[in-house]
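Taking it in order: structure first as structure tokens, then the write-up.
The figures that follow rest on heavy atoms only: side chains count, while hydrogens, waters and symmetry mates do not. Here the structure is a predicted model, which means the values were calculated and not measured.
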Amino acid sequence: MFLVVVDRVAELQLELIMHYYEDQQIGLGHKCIEEMNRSFVLLSKFSHARPEEKHGLRLLQLDTFAASVAYRIYNTLVVVHFIFDSRSDFRKQIGLE
């Protein structure tokens, strides 16, 4: 099992996404956070399930919300570097294209 760490940039991005969904409907932002936390649990157990892309980044798409998590694996540590709205052109923004 891996320890999942969310870096400061990803933390700020998650906060923006949460506020966006909370502005759409009260309680929706918190549901997004709950799903994100479930995805972190999956990352801790199955971090190698996603293929490695450029620069060692791996991507995980959330099921319910339009968000993707970009992370790297370092020994027994999973570091979440970016959390993006999947509807944006995030692959270019983080250098995968």
Original post:
Is it the case that more than 12 heavy atoms not belonging to Asn75 sit under 6.0 Å from its CG atom?
Top reply: no

Between the CG atom in Asp23 and the CE atom in Met18, the distance rounded to the nearest 0.5 Å is 9.5 Å

Can you list the steps and then say if Leu14 with Val6 is a side chain to side chain contact (heavy atoms under 4.5 Å, CB included)? CA-CA 10 Å; Leu14 179 56; Val6 180; 5.6 Å; no

* Can we say Arg8 and Glu11 salt-bridge, meaning some charged N sits less than 4.0 Å from an Asp/Glu carboxylate O? -> yes

Crowding at OH, Tyr74 (>12 non-hydrogen neighbours, <6.0 Å): yes

From the list Lys31, Glu35, Glu34, side chain to side chain donor-acceptor pair (under 3.5 Å) partner of Thr64 resolves to Glu35

task: Please report the C-alpha distance between Val80 and Val4 in whole Å, then the side-chain angles of each, then the deciding distance to 0.1 Å, and finally whether the side chain to side chain contact (heavy atoms under 4.5 Å, CB included) criterion is met.
output: CA-CA 7 Å; Val80 175; Val4 177; 4.0 Å; yes

I'd like to check Thr76 versus Leu3 (side-chain heavy atoms, cut-off strictly below 4.5 Å). Are they in contact? no

Correct closest heavy-atom pair for Leu59 and Ala70 would be CD2-CB, 3.6 Å

In terms of heavy-atom contacts, Gln61 and Ala67 come closest through NE2-O, 3.3 Å

d(Leu28 CG, Tyr20 OH) to nearest 0.5 Å is 9.5 Å

Ser47 and Ile73 have their tightest heavy-atom pair at O-CD1, 3.6 Å

Output for pair (Leu16 CG, Leu12 CG), nearest 0.5 Å, gives 7.0 Å

Q) With no hydrogens and no angle check, is any side-chain donor or acceptor of Gln13 less than 3.5 Å from a backbone partner on Ile83? A) yes

Check your understanding: What is the ring orientation for His48 with Phe2, classed by angle as parallel under 30°, tilted 30 to 60°, or perpendicular over 60°?
Key -> tilted

*Go through Phe40 and Leu42 one step at a time and tell me if the side chain to side chain contact (heavy atoms under 4.5 Å, CB included) criterion holds.*
CA-CA 5 Å; Phe40 294 157; Leu42 287 174; over 6 Å; no

(request) Decide yes or no for Leu43 and Tyr71: does some side-chain heavy atom of the first lie under 4.5 Å from some side-chain heavy atom of the second? (result) yes

Should Ile17 and Leu62 be counted in the same cluster of Ile, Leu, Val, Met, Phe, Trp and Tyr side chains packed under 4.5 Å apart? yes

CZ of Arg58 to OG of Ser68, rounded to nearest 0.5 Å, is 15.5 Å

Rounding to 0.5 Å, atoms OG (Ser39) and CG (Asp63) come to a distance of 9.0 Å

Closest heavy-atom pair, Cys32 versus Tyr21, reported as atoms and distance to 0.1 Å, is SG-CD1, 4.0 Å

dist Ile33:CD1 -> Glu22:CD (nearest 0.5 Å) comes out at 9.5 Å

- Task: Carefully, step by step, assess Met36 and Phe65 under the rule side chain to side chain contact (heavy atoms under 4.5 Å, CB included).
- Result: CA-CA 9 Å; Met36 191 67 68; Phe65 294 89; over 6 Å; no

